Undergrad: 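Here it is, the structure in full.
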Number of protein chains: 2
Amino acid sequence: MTHPPRDRLCEHLQRVPYFAGLDAGDLCQLAGLATWHEYAPGAIVFLEGDINTGLYAVDAGWVKVVKFSLDGREQVLRYFGPGEVFSEIGIFLARSNPATAITLERTALWRLHRSTLQPLFSAQPDLLLHVMANMADRIAHLAELVADLSLHTVEVRLARLLLEAGAGGTLTRQAWLTQAEMAARLGTVPDVLSRALRTLADAGLIRFDRRQITILDRPGLLQRAQLAL
Amino acid sequence: MTHPPRDRLCEHLQRVPYFAGLDAGDLCQLAGLATWHEYAPGAIVFLEGDINTGLYAVDAGWVKVVKFSLDGREQVLRYFGPGEVFSEIGIFLARSNPATAITLERTALWRLHRSTLQPLFSAQPDLLLHVMANMADRIAHLAELVADLSLHTVEVRLARLLLEAGAGGTLTRQAWLTQAEMAARLGTVPDVLSRALRTLADAGLIRFDRRQITILDRPGLLQRAQLAL
DNA sequence: CACCCAATCCGACAAAAGTCGTAGCGATTC
DNA sequence: GAATCGCTACGACTTTTGTCGGATTGGGTG
């Protein structure tokens with residue numbers, strides 16, 4: 001994970017789905033303004049309350065965006081992996097980050113600082129629309145998370161997560177996706193998640209060990225997730 | 001609440017904080033494209049899953065944006081009152097509404113349909129930035145809601161709500177803000193909310209009756225809200 | 001006024017979630 | 001191989017939340 005040469009940044013950005021469809025020349029202009037940052041696992045990219053940020057694009061690795069309670073419990077709002085862009089709120093000077101970003105493993109990010117973006121926006125309304133579309137995605141995702149937390153039990157939430165993540169039957173967990181991490185994602189604690197996993201396993205709906213979770217009975221799981229019948 | 005004459009729409013829009021700072025001529029152009037809609041209390045403005053919407057501005061009345069569970073429980077994402085604009089997601093054809101909008105009382109809305117907005121966006125990047133700033137606000141608000149639901153008890157959430165809403169000591173409730181409504185806002189059920197209100201009242205922190213809630217001990221309430229000490 | 005209806009309140013109970021202590025298991029390190 | 005560390009598992013317990021039946025209140029209506 002060494003610093004990619006300048007003349008390859010453009011190519012990099014074009015592979016980011018976020019920027020697909022944008023003019024190649026404009027993208028290269030963007031690339032020239034991006035800065036490269038490497039982080040160790042568990043490093044803080046930015047803190048809730050900070051205002052001095054911009055837009056981030058993940059080159060390699062994984063980042064989680066979280067909120068903390070005073071007593072240290074954490075709620076994951078979202079994970080971001082290679083090719084994804086986050087922190088749209090960093091575009092606005094008037095608003096501080098609503099959450100904290102932390103790396104989950106050794107991670108490399110591109111950063112487009114607010115000040116470098118402003119002129120581009122005026123020149124390239126298309127870019128603005130892309131960013132807006134991403135924000136719309138964030139809003140929909142968060143609204144779904146709110147509904148999940150408020151309206152469904154841990155078991156239902158877990159079933160939904162498994163159905164979503166393990167579209168292909170077996171879900172091989174990233175090394176960093178521990179039960180504690182999954183619990184923070186689902187808005188609960190490791191113990192409760194462990195119980196829920198066992199309940200689903202005992203019911204014959206899934207099978208799991210330390211590195212992967214297999215869906216054995218998708219229709220049954222859909223039912224537990226209150227998405228069917 | 002009769003249909004305002006066309007030549008006053010412009011003036012109306014200028015009073016919407018959302019559009020403050022935009023060029024007056026552009027606003028009048030916007031006004032000419034808006035359509036006027038009236039709703040009875042409890043009417044559905046749009047449903048989760050619909051895609052045929054646009055941007056709404058509240059002229060008079062109140063609207064709530066909610067998610068439902070299969071068994072009918074509801075979680076309020078946000079309330080919108082006079083002068084506020086909502087449903088930014090309606091701008092994107094590719095995305096269906098993530099939630100349902102319902103009126104709380106007799107309500108009048110302006111609607112700017114997607115198709116009428118698109119050309120304006122190209123001509124007026126400023127307008128885009130305004131919409132984006134509002135989306136940033138939605139994201140921050142939802143992130144806060146997620147953290148609240150996941151990390152705090154009902155009592156803490158209630159204390160926070162009271163501190164936020166009743167900045168001036170006494171909070172006179174809108175007629176529609178029943179305990180059931182407040183419960184849906186806090187992500188719980190009326191019974192539990194009633195208990196939490198009683199607990200705070202018994203502790204001498206608040207006083208409440210059917211039409212208003214008074215904060216008696218702000219520092220004490222701040223402590224309950226885990227925002228102090 | 002009598003009536004009705006929605007909102008609120010209450011107590012008892014059930015379910016879900018969180019806490020705690022302990023124990024086992026695996027991979028890594030020494 | 002032994003020691004260690006992080007992750008996972010499990011059982012017992014507490015707290016929080018949700019549910020239910022029924023009582024009470026208060027405003028509006030006929």
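Letters A, B, ... are given to chains in the order of the sequence lines, protein chains preceding strands, and every chain is numbered from 1. Since the model is a prediction, treat every value here as computed from it, not as a measurement.
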Undergrad: Quick check: does any side chain N or O of B:Thr100 sit under 3.5 Å from a backbone N or O of B:Glu48, one acting as donor and the other as acceptor?
TA: yes

Undergrad: Can you sort out which residues in residues 189-200 of chain A have a heavy atom within less than 4.0 Å of DNA chain D? Ascending by number, please.
TA: A:Asp191, A:Ser194, A:Arg198

Undergrad: Any donor and acceptor pair, going by atom type alone, linking the side chain of B:Ser87 with main-chain N or O of B:Gly54 inside 3.5 Å?
TA: yes

Undergrad: D:dG26 P sits how many Å from B:Gln212 CD, rounded?
TA: 15 Å

Undergrad: For A:Thr153 and A:Arg211, find the nucleotide of DNA chain C closest to each by heavy atoms; which residue's nucleotide sits nearer the 5' end?
TA: A:Thr153

Undergrad: A:Leu186 CG to C:dA16 C1': how many Å, rounded?
TA: 15 Å

Undergrad: For the pair made of CZ in B:Arg173 and C1' in D:dG26, what is the distance, rounded to whole Å?
TA: 13 Å

Undergrad: Counting just side-chain N and O atoms, does A:Arg157 come under 4.0 Å of either OP1 or OP2 of C:dA17?
TA: yes

Undergrad: Whether A:Gln179 contacts D:dG6 is assessed here as follows: a side-chain N or O lying under 4.0 Å from the phosphate OP1 or OP2. Is that the case?
TA: no

Undergrad: Nearest whole angstrom, please: distance from the P of D:dT17 to the CG of A:Leu151.
TA: 15 Å

Undergrad: Between B:Thr103 and B:Gly42, is there a donor-acceptor pair closer than 3.5 Å when you use the side chain of the first and the backbone of the second?
TA: yes

Undergrad: I need the CZ-P distance between A:Arg224 and C:dA16, as an integer number of Å.
TA: 11 Å

Undergrad: Quick one: is B:Arg210 getting a side-chain N or O under 4.0 Å of the C:dA6 phosphate, OP1 or OP2?
TA: no

Undergrad: Can you check the B:Phe208 CZ to D:dG26 C1' distance for me, whole Å?
TA: 15 Å

Undergrad: Starting at atom CH2 of A:Trp176, determine the distance to atom C1' of D:dG6, rounded to an integer number of angstrom.
TA: 18 Å

Undergrad: What is the separation between atom CG on B:Asp71 and atom C1' on D:dG18, rounded to the nearest whole Å?
TA: 11 Å

Undergrad: How far apart are the closest heavy atoms of A:Val76 and A:Arg185, and which atoms are they?
TA: CB-CA, 3.8 Å

Undergrad: Less than 3.5 Å apart, which donor and acceptor atoms pair up between the side chains of residues 194-203 of chain A and the rest of the protein, not counting sequence neighbours?
TA:
unit_1	atom_1	unit_2	atom_2	d
A:Thr199	OG1	A:Arg195	O	2.9

Undergrad: Side chain to side chain contact (heavy atoms under 4.5 Å, CB included) with B:Arg157: which of B:Leu193, B:Asp148, B:Leu151?
TA: B:Asp148

Undergrad: For A:Asp191, enumerate each residue passing the side-chain hydrogen bond (donor to acceptor under 3.5 Å, both in side chains) test, keeping only those at least two apart in sequence or located in another chain.
TA: none

